[in-house]
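The block underneath contains the structure these notes are about, expressed in C-alpha cells.
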Amino acid sequence: MTIRDLATLDAWIAAARETGLVAFDTETTSLDAMQAELVGFSLAIADNSKNPSGTDIRAAYVPLLHKTGGNDLFSDGVKLAENRIPSAVALERLKDLLEDPSVLKIAQNLKYDYLVMKRHGVSIASFDDTMLMSYVVDAGAGTHGMDSLSEKWLGHQPIPYKDVAGSGKSSVSFDYVDIDKATAYAAEDADVTLRLWQVLKPRLAAKNLNVVYERLERPLVPVLARMEERGITIDRQILSRLSGELAQGAAGLEHEIYGLVGESFNIGSPKQLGDILFGRLGLPGGAKTKTGQWSTSAQVLEELALEGHELPRKIVDWRQLTKLKSTYTDALPGFVHPETKRVHTSYALAATTTGRLSSSEPNLQNIPVRTAEGRKIRTAFISTPGHKLVSADYSQIELRVLAHVAEIPQLKQAFSDGIDIHAMTASEMFGVPVEGMPSEIRRRAKAINFGIIYGISAFGLANQLSIERSEAGDYIKKYFERFPGIRDYMESTKAFARENGYVETIFGRRAHYPDIRSSNPSHRAFNERAAINAPIQGSAADIIRRAMVKMEPALEQAGLSQRARMLLQVHDELIFEVEDADVERAIPLIVSVMENAAMPALDMKVPLKVDARAAHNWDEAH
DNA sequence: AGTCTCACG
DNA sequence: ACGTACGTGAGACTC
C-alpha cells in the first residue's frame with residue numbers, strides 16, 4: 001500500500017516498535033549514494049508481534065518527492081505530487097525510527113541506504129544487512145544482490161527495476177515514476193528483504209557464523225560509509241599536466257611505431273597489432289589467447305624485445321602511457337563530486353570470494369605505484385591545507401599469516417627476529433648466507449614465496465621467472481624439502497576443501513569452492529589453487545577489517561576522531577587525513593591498532609608489522 | 001556483451 | 001594431456 005497521510009505512517013512506525021524490527025529500503029534518483037536524492041522509502045513489518053519470524057508480512061511505500069504533471073503545468077515542467085506527507089515531516093518521523101536502537105532495521109546492501117540517510121541527517125542505529133548475511137553464509141556461491149537472493153531462497157522473481165523506470169535512453173529517474181508503480185516495486189523490495197532475513201538469520205546461527213557477521217561484516221558498514229562520504233582531494237592541475245605529458249609521449253611513440261611498421265594502424269587493437277607483428281613482420285608468436293589469436297600481452301612483447309626487436313618495446317611503452325592517461329589522468333577528474341570537490345570511491349563488502357573489499361567508481365585500490373611514471377599519479381592525491389596524508393601498511397602480512405596457520409618454525413622465527421623473509425627463504429633453499437645475498441637469488445626466492453601463497457605450480461613459477469618449467473619444478477621440490485610444513489598445509493587445505501566444499505580463514509570466515517570436485521583436471525586444479533590461497537588472502541583481509549572496526553573507537557578515545565580520519569583501504573594499507581599538529585600522536589596509535597588487530601580474539605604466533613609515514617601527497621606518504 | 005590488456009595487493 | 005600462478009575493476013576494441 002501507499003502511505004499518504006501522517007496518521008497512517010505513525011501507525012506503521014508504532015507497529016514496528018511493537019515487533020522491534022522493520023525492513024527498510026530507500027528509493028532514490030541515483031545508484032551513487034553520494035549523488036542520490038531521497039525520493040521515497042518503504043517499510044515492511046512482520047505482523048504477528050509475538051512472532052517476528054512469522055510469514056505474515058505487510059509492506060508499504062511512503063512517497064516523498066515524486067513529480068507529476070506535464071510540461072504544460074509549470075515552466076520547469078514539473079510539480080510535486082500533492083497527495084503525500086510533506087517530506088520534512090515524514091523524514092522527521094523516519095529519523096526517530098531509524099535512530100531508535102530498540103528497533104532492528106533490516107536492509108539489503110545497507111551501506112547504500114546508510115549513506116543516503118546520513119546525507120539527510122539520519123544516523124541509522126541497530127541494523128542487519130541481508131546482503132552481508134548471505135555473503136557470510138555463501139561467499140563463493142553466487143552473487144548477493146537482492147534479485148538473485150530472492151530467486152535462490154524464496155523462489156520468487158521481484159519486479160525488475162527496468163519494468164518500473166525503463167531502461168537505456170528512455171529510462172527515467174525514480175522521482176518520475178508514478179506513485180502506484182513505485183509502490184508496487186518499493187514495497188515488494190522491503191517485503192522480500194524481510195523474508196530473506198527470516199531465512200538467513202537462522203542459517204547464520206546454524207553454521208556458527210554469527211561471530212564473523214557481527215565482528216567483521218556488520219560493524220564495517222558505518223565505517224566504510226564514513227570513508228566514502230569523506231572522500232579524498234585530488235589536484236586536477238597535476239593530473240591535467242600529466243595528461244599532457246602522457247599525450248606527448250604517446251604521440252611520439254606512435255609516430256616511431258608507424259615509421260618502423262611502414263604504415264599507420266590502431267595500436268590499441270590487439271587484433272590489428274597481432275596481424276602486424278606476427279603476420280606482416282613475421283615475428284615469432286608466443287602464447288595464444290583463448291580465441292586462438294596470438295597474444296600481444298606485455299610479457300610476450302618483453303620477450304620479443306629481449307630478442308633484439310625494436311618495435312615491441314615501443315608498443316609496451318605506448319601501452320603504458322595510454323593506460324595511465326585514459327584510466328587515471330583523464331578519468332579521475334570526472335569523479336570529483338560537484339559539491340564536496342573530492343573523489344568518493346564506493347567499497348563493495350560482498351564482492352570477493354576471499355573477504356577482501358573491492359573499490360569502484362573510481363577504483364582507488366589500483367592507483368599506479370610500480371613505475372616512476374605511474375607513481376606521478378599518486379602525487380595528485382593530496383591532503384587538505386593544514387593536514388597530512390598518513391599511509392600505514394602491513395609488512396608481508398600474507399606470509400606472516402602463512403607462517404602462523406601452517407606453523408612453519410623457520411618462518412615464524414624469521415618474522416620474530418625481523419629477518420628479510422625472502423633472503424631467509426633463499427638462504428634455506430640454496431645454502432647461501434643472508435649477508436651479501438646476490439639479488440638474483442633473492443628475487444627467485446621472493447617469486448617462490450609469492451607462488452606459495454597463490455597455490456604454486458611449476459608452470460606459473462616458470463612463467464614468472466622466465467625459466468624452464470623443469471627448473472621451476474626443481475625449485476618447488478627443494479622448497480618443500482626445506483619447508484615440509486607448507487606442503488602439508490597445502491595438502492590438508494585441499495583435502496578440507498574437497499571434503500567440505502569450502503575453506504576457512506583464521507576468524508572462521510568461509511570461502512566456498514563448489515567446483516573443487518570438478519572432473520575437468522585443469523578446472524579442478526584451478527579451484528584447488530584458489531582454495532589454497534583463500535585462507536591466506538582471506539585471513540589478511542579479516543585482520544585489516546578488524547583494524548578498521550577498532551580504529552574509530554581508538555581514535556575517539558585518544559581525542560583524535562575529529563583530527564585523524566580514515567579515508568581509504570588498499571588491502572594491506574590504510575590511508576588517513578590527519579591535522580598537522582596531531583600527526584606525531586596519531587601515527588603510533590594507528591600502528592598499534594593495526595599491529596594488534598588480530599588480538600586478543602586470536603593468538604597470532606607471528607608478530608604483525610606496520611610501517612607508517614606522513615606527507616602532503618600519497619606518493620610521498622607511501 | 002565479450003575479449004583483451006593492464007593497473008593494484 | 002590437460003592449461004593455470006591468487007584476488008579484483010576499468011578502458012578500448014570488437015561483434
Side-chain angles (χ1 to χ4, degrees), chain A residues 139-140 265-274 287-301 315-316 318-332 334-335 345-348 351-371 373-375 377-378 393-399 402 447-465 469 472 476 503 511 513 518-538 540-541 544 568-573 622:
Chain A
F265 66 104
N266 188 346
I267 309 169
S269 161
K271 190 166 139 58
Q272 291 183 39
L273 181 61
K288 292 269 190 80
T289 68
K290 65 173 159 187
T291 54
Q293 285 207 84
W294 293 113
S295 168
T296 66
S297 70
Q299 183 168 9
V300 169
L301 298 179
I315 291 164
V316 168
W318 179 89
R319 282 230 184 104
Q320 194 204 2
L321 300 186
T322 53
K323 172 84 174 180
L324 294 176
K325 184 171 185 292
S326 65
T327 307
Y328 302 102
T329 62
D330 291 356
L332 283 171
F335 287 100
T345 186
S346 175
Y347 290 104
T352 70
T353 303
T354 56
R356 274 193 176 179
L357 304 178
S358 73
S359 158
S360 63
E361 293 180 274
N363 182 355
L364 296 185
Q365 292 181 322
N366 73 347
I367 302 302
V369 70
R370 291 174 187 172
T371 67
E373 275 299 305
R375 269 198 299 279
I377 307 233
R378 291 197 172 214
D393 68 296
Y394 285 106
S395 162
Q396 309 282 7
I397 189 168
E398 293 191 344
L399 282 173
L402 176 67
I448 291 164
N449 278 332
F450 273 102
I452 292 295
I453 288 169
Y454 296 153
I456 200 159
S457 72
F459 183 94
L461 182 62
N463 226 15
Q464 183 63 36
L465 288 175
R469 199 187 304 195
I476 294 169
V503 291
Y513 293 92
S518 169
S519 58
N520 176 334
S522 71
H523 197 178
R524 188 173 62 243
F526 180 79
N527 276 271
E528 286 172 351
R529 289 193 300 273
I532 287 167
N533 171 259
I536 304 168
Q537 188 184 115
I544 196 164
L568 303 177
Q569 189 251 43
V570 191
H571 309 306
D572 64 357
E573 175 187 16
H622 185 265

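Reckoned from all heavy atoms, side chains included, excluding hydrogens, waters and symmetry mates. Naming convention: chains lettered A, B, ... in sequence-line order (proteins, then strands); numbering from 1 in each chain.
Among the nucleotides C:dG7, C:dG9, B:dG9, the one closest to the side chain of A:Asn366 is C:dG9. Closest contact between the side chain of A:Arg529 and the listed nucleotides C:dT4, C:dG11, B:dT5 involves C:dT4. When distances are taken from the side chain of A:Ser269 to each of B:dA7, C:dT14, B:dG9, the shortest belongs to C:dT14. Out of C:dG7, C:dC2, B:dT5, the shortest distance to the side chain of A:Asn533 is found at C:dG7.
A straight line from NZ of A:Lys271 to P of B:dT5 spans 13 Å, rounded to a whole angstrom. Between the CD1 atom of A:Ile453 and the C1' atom of C:dT4 there is a distance of 18 Å, given to the nearest Å. Residue A:Asn266 contributes atom CG, which lies 20 Å from atom P of B:dT3 at whole-angstrom precision. In this structure, the NZ atom of A:Lys288 is 16 Å from the C1' atom of B:dC4, given to the nearest Å. Distance CG (A:Leu402) to P (C:dG7): 17 Å, rounded to an integer number of Å. For the pair A:Gln293 CD and C:dC15 C1', the computed distance is 13 Å after rounding to whole Å. Atom OH of A:Tyr454 is separated from atom C1' of C:dG7 by 8 Å (rounded to the nearest Å). The interatomic distance linking A:Gln464 (CD) with C:dG3 (P) rounds to 22 Å, in whole Å.
Rounding to the nearest 0.5 angstrom, the gap separating the OG1 atom in A:Thr327 from the CG atom in A:Asn366 is 8.0 Å. The distance from atom NZ of A:Lys271 to atom CH2 of A:Trp294, rounded to the nearest 0.5 Å, is 15.0 Å. Taking CD1 of A:Ile476 as the start and CD1 of A:Ile452 as the end, the distance is 7.0 Å to the nearest 0.5 Å.
The base-pairing partner of C:dA1, taking Watson-Crick or G-U wobble contacts with both distances under 3.5 Å, does not exist among the strands shown.
Using a 3.5 Å distance cut-off with no hydrogens or angles, the side chains of A:Gln537 and A:Thr354 do pair a donor with an acceptor. No donor-acceptor contact under 3.5 angstrom links the side chains of A:Ser395 and A:Asp393, judged on distance only.
Within 4.0 Å (heavy atoms only), A:Ala331 reaches sugar-phosphate atoms of the nucleic acid but no base atom. A:Ala447 comes within 4.0 angstrom of a nucleotide base, judged by non-hydrogen atoms across all strands. Among the atoms of the strands shown, only primed sugar atoms or phosphate atoms (P, OP1, OP2) are found under 4.0 Å from some heavy atom of A:Pro368.
One P atom belongs to B:dC8, the other to C:dG3, and the distance between them is 30 Å to the nearest Å.
The shortest distance between the side-chain N/O atoms of A:Thr322 and the OP1/OP2 oxygens of C:dA12 is not below 4.0 Å. For A:Ser457, no side-chain nitrogen or oxygen approaches OP1 or OP2 of C:dG3 to under 4.0 Å. Residue A:Thr352 places no side-chain N or O under 4.0 Å from the OP1 or OP2 atom of C:dT8. Residue A:Gln569 places none of its side-chain N or O atoms closer than 4.0 Å to OP1 or OP2 of B:dG9. OP1 or OP2 of C:dT8 lies within a sub-4.0 Å distance of a side-chain N or O belonging to A:Thr353. For the OP1/OP2 pair of B:dG9 and a distance below 4.0 Å, the side-chain nitrogens and oxygens of A:Arg370 include at least one atom meeting the criterion. At B:dC4, one or more side-chain N or O atoms of A:Thr291 fall inside 4.0 Å of OP1 or OP2 (strictly under the cut-off). Side-chain nitrogen and oxygen atoms of A:Thr354 include none within less than 4.0 Å of the OP1 or OP2 phosphate oxygen of C:dT8.
You'll find the side chain of A:Thr345 stays beyond 4.5 Å of the side chain of A:Ser360, heavy atoms only. Within the 4.5 Å cutoff, the side chain of A:Ile453 has heavy atoms near those of the A:Asn533 side chain. The closest side-chain heavy-atom distance from A:Leu273 to A:Arg319 is below 4.5 Å.
Look at A:Phe459 and the base of C:dT4; the rings stack, centres closer than 5.5 Å and planes less than 30° apart.
Only A:Arg356, A:Gln365, listed by number, bring a heavy atom of residues 356-365 of chain A to less than 4.0 angstrom from any atom of DNA chain B.
Under a 4.0 Å N-O distance rule, the pair A:Glu398/A:Arg356 qualifies as a salt bridge.
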